[in-house]
Amino acid sequence: MYEIYEQLCKEHGLTNYKVWKATGVSQSSLSEWKKGNSMPKYESMRKISDFLGVTIDYLLGKDPKPDPSMDHQLQQAVKALSKNKELVVLCRKVESAPPDKRDQITRMLCESVDNYLRLMGIDPEQ
């Protein structure tokens with residue numbers, strides 16, 4: 001798993017620090033995985049796979065390479081997160097919401113951002 005994770009990070013210019021800031025999975029946990037001293041817990045793998053735009057099975061080497069259209073989305077998300085700590089906090093708040101409410105909250109936030117951009121004369125699809 002770590003080799004695939006490391007390759008994805010290289011492809012997207014990510015460091016363990018950036019992954020930690022975005023997901024909350026500690027750098028020491030990532031280091032232990034690299035050394036082979038521990039296996040990641042499901043929740044940590046889910047956070048990392050969600051952030052990287054791949055499935056857990058892909059991280060485990062069981063799925064083929066993810067859809068390339070996710071690469072652009074991931075790059076945009078990484079740029080935004082690395083520039084704005086408030087976005088990281090917002091993502092963590094959504095993540096801490098009850099699982100059955102996360103999609104609804106995410107849709108609401110996306111709609112709010114899209115509406116704001118339209119009001120500002122910006123195409124939200126760019």
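Below, each value reflects all heavy atoms present in this structure, side chains not excepted, and no hydrogens, waters or symmetry copies.
- Taken from CZ in Arg46 to CG in Leu59, the straight-line distance is 12.5 Å, to the nearest 0.5 Å.
- Rounded to the nearest 0.5 Å, atoms CG (Asp50) and CD (Glu95) are 6.5 Å apart.
- Between Ile48 and Trp33 the shortest side-chain heavy-atom distance falls below 4.5 Å.
- Clustering ILVMFWY residues whenever any of their side-chain heavy atoms sit less than 4.5 angstrom apart, transitively, puts Leu60 in the very cluster that holds Tyr58.
- A search for side-chain contact (heavy atoms from CB on, under 4.5 Å) contacts involving Ser31 returns Lys35, not counting sequence neighbours.
- One distance of note links CD1 of Ile105 with SG of Cys110; it measures 12.0 Å at 0.5 Å rounding.
- Considering only heavy atoms from C-beta on, Ser49 comes within 4.5 Å of Val54 through its side chain.
- Between Leu52 atom CG and Lys47 atom NZ the span is 14.0 Å, to the nearest 0.5 Å.
- Taken from CD in Gln27 to CH2 in Trp20, the straight-line distance is 6.0 Å, to the nearest 0.5 Å.
- Between the side chain of Ser44 and the backbone N or O of Pro40 there is no donor-acceptor pair closer than 3.5 Å.
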Under 3.5 Å, sequence neighbours excluded: what are the donor-acceptor pairs made by side chains of residues 113-122?
residue, atom, partner, partner atom, Å
Asn115, OD1, Arg118, NH1, 3.3
Asn115, ND2, Glu111, O, 3.2

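- What you find for Lys18 and Gly13 is that their closest heavy atoms are NZ-O, 3.7 Å.
- Taking NZ of Lys21 as the reference point, atom CG of Asn16 lies at 14.0 Å (rounded to 0.5 Å).
- Considering only heavy atoms from C-beta on, Phe51 stays 4.5 Å or farther from Val25 through its side chain.
- Residues Arg102 and Ala97 come closest through the heavy atom pair NE-O, 3.1 Å.
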Trace of the side-chain contact (heavy atoms from CB on, under 4.5 Å) decision for Cys9 with Val19 = CA-CA 9 Å; Cys9 286; Val19 173; 4.0 Å; yes
